[in-house]
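Here's the structure, in structure tokens; my notes come after.
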Amino acid sequence: MNRAVPEKTEILLRYGDLAALPGFRVLRFDGGGAAEGFSSVSIDSRTVRPGALFAALAGSEADGHAFVAGAFLRGAAAALVDETKIARYDLENAARKSGAVLVALGDTLWGLQEAARVYLARFPRLLKIAVTGSSGKTTVKEIAAAMIGAEKNVFFNEGNLNSETGLPLSVFGVRSFHEAGVFEMGMNRRGEIAALARVLEPHIALITNIGPAHIGYIGSIAAIVEEKKAVFSRFTGTETALVPEDEPYREDLARGVRGNVVYYGPRSLEDLGDVFDRGLDGAEITWEGVSAPFSLPGK
């Protein structure tokens with residue numbers, strides 16, 4: 001899993017790739033002498049590395065555009081900025097002083113996600129797996145990555161970097177040697193899962209469960225169901241949706257999915273044999289005649 005490879009600087013995306021996207025405008029103040037693209041991505045000016053793209057996002061307490069000049073001083077090669085804020089924050093002057101590049105558009109969050117989508121599309125052989133649900137996402141993602149990692153070189157977003165900013169940032173960690181990717185998707189607002197599905201375009205998507213988490217943001221359980229099933233929204237017919245067999249809303253989750261819907265659970269998995277509960281020591285699982293100890297307690 002995330003097998004170590006020699007550290008080296010490489011261009012992730014070229015500025016020309018971004019300039020070709022609708023709504024993107026590339027303003028160069030590097031005199032033509034800088035690299036043709038960026039080698040890492042950050043939304044925190046304190047973590048910027050030389051050659052990075054700094055995405056200036058507007059938060060509830062601070063606006064990332066106020067930190068663009070500082071990011072350039074720390075070695076950022078470019079900044080993703082809201083074109084309406086260039087003059088307000090004197091960004092052209094900051095870019096000119098540092099010999100940097102401004103990538104301007106109307107919505108920097110959308111721009112970060114779009115750049116991640118274009119980057120990930122460079123790896124058509126990567127098997128992409130999405131995990132979402134009201135609870136258990138991180139656990140399932142970690143388990144799946146460990147299992148797949150025994151056989152394939154697998155990438156996964158670390159910790160709970162599963163948000164509308166966390167997942168796109170994670171995507172830039174994918175490299176050509178990765179064979180599979182397991183990506184956790186979280187949700188705090190309407191439309192967030194659909195936006196992340198557009199970035200990822202998963203081949204397999206799993207929903208852990210439906211619960212009242214974030215109901216204050218979304219409004220109702222029915223609305224949460226619709227938001228969570230948006231993980232299937234980019235399916236074209238060949239993909240697989242994994243839905244828990246005991247989920248009360250399972251039929252709602254499966255309805256209208258363009259792809260293969262598979263219900264999972266003890267009764268739905270024909271190859272799953274006995275499961276012996278070991279209490280705090282976990283369980284003993286039999287799969288296709290092979291007994292496997294599983295140390296995580298709980299059904």
Side-chain angles (χ1 to χ4, degrees), residues 11-30 32 34-45 48 51-60 62-69 71-72 76-96 98-124 128 161 163-174 183 185 187-202 227 230-231 233-234 236:
I11 292 177
L12 300 180
L13 270 183
R14 298 182 181 277
Y15 302 125
D17 297 329
L18 297 179
L21 298 174
F24 283 74
R25 190 162 58 99
V26 175
L27 308 173
R28 303 197 66 156
F29 301 95
D30 56 5
E36 290 301 311
F38 54 88
S39 56
S40 63
V41 184
S42 177
I43 60 172
D44 185 338
S45 63
V48 161
L53 171 71
F54 173 66
L57 305 180
S60 58
D63 191 330
H65 292 80
F67 304 98
V68 169
F72 287 155
L80 185 70
V81 299
D82 184 331
E83 57 190 358
T84 67
K85 298 181 179 181
I86 292 177
R88 186 191 316 174
Y89 289 94
D90 198 19
L91 299 183
E92 283 197 12
N93 186 46
R96 189 172 284 108
S98 299
V101 175
L102 295 179
V103 181
L105 70 163
D107 183 339
T108 52
L109 175 58
W110 178 83
L112 173 65
Q113 294 172 350
E114 185 70 356
R117 181 189 67 81
V118 171
Y119 175 75
L120 197 56
R122 296 176 52 194
F123 307 98
K128 294 170 291 187
L161 287 175
S163 67
E164 59 189 357
T165 56
L167 184 133
L169 289 173
S170 294
V171 157
F172 286 106
V174 172
F183 299 89
M185 292 184 181
M187 177 186 75
N188 287 313
R189 63 171 180 83
R190 288 182 180 271
E192 189 167 1
I193 294 295
L196 297 181
R198 186 175 185 274
V199 171
L200 191 58
E201 297 196 337
E227 291 298 320
V231 72
S233 61
R234 302 296 291 183
T236 61

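A heavy-atom distance below 4.5 Å is found between the side chains of I86 and L27. Residues S40 and V48 form no side-chain contact, since every pair of their non-hydrogen atoms from C-beta on lies 4.5 Å or further apart. Proximity of F24 to L80: side-chain heavy atoms (C-beta onward) are separated by under 4.5 Å at one or more points. Residues S45 and F54 have side chains in contact (heavy-atom distance under 4.5 Å, counting atoms from C-beta outward). You'll find the side chain of R234 stays beyond 4.5 Å of the side chain of L200, heavy atoms only. Annotation: side chain of R198 is not in contact with side chain of S233 (no heavy-atom distance under 4.5 Å). The shortest side-chain heavy-atom distance between E114 and L105 does not fall under the 4.5 Å cut-off. Side-chain contact check for V68 versus Y89: every heavy-atom pair is 4.5 Å or farther apart.
Under the 30°/60° scheme for interplanar angles, the aromatic rings of F38 and Y15 are found to be tilted.
Under 4.0 Å is where a charged nitrogen must lie from a carboxylate oxygen, and between R117 and E201 no such pair does.
E227 places a side-chain N or O within donor-acceptor distance of the main-chain N or O of G191, the cut-off being under 3.5 Å. Not a single donor-acceptor pair under 3.5 Å links the side chain of E164 to the backbone N or O of E192.
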Start with the C-alpha distance between H65 and R88, add both sets of side-chain angles, then the distance that settles side chain to side chain contact (heavy atoms under 4.5 Å, CB included), and finish with yes or no.
CA-CA 9 Å; H65 292 80; R88 186 191 316 174; over 6 Å; no
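Residues L102 and A95 share a closest heavy-atom pair of CG-CB, 3.9 Å.
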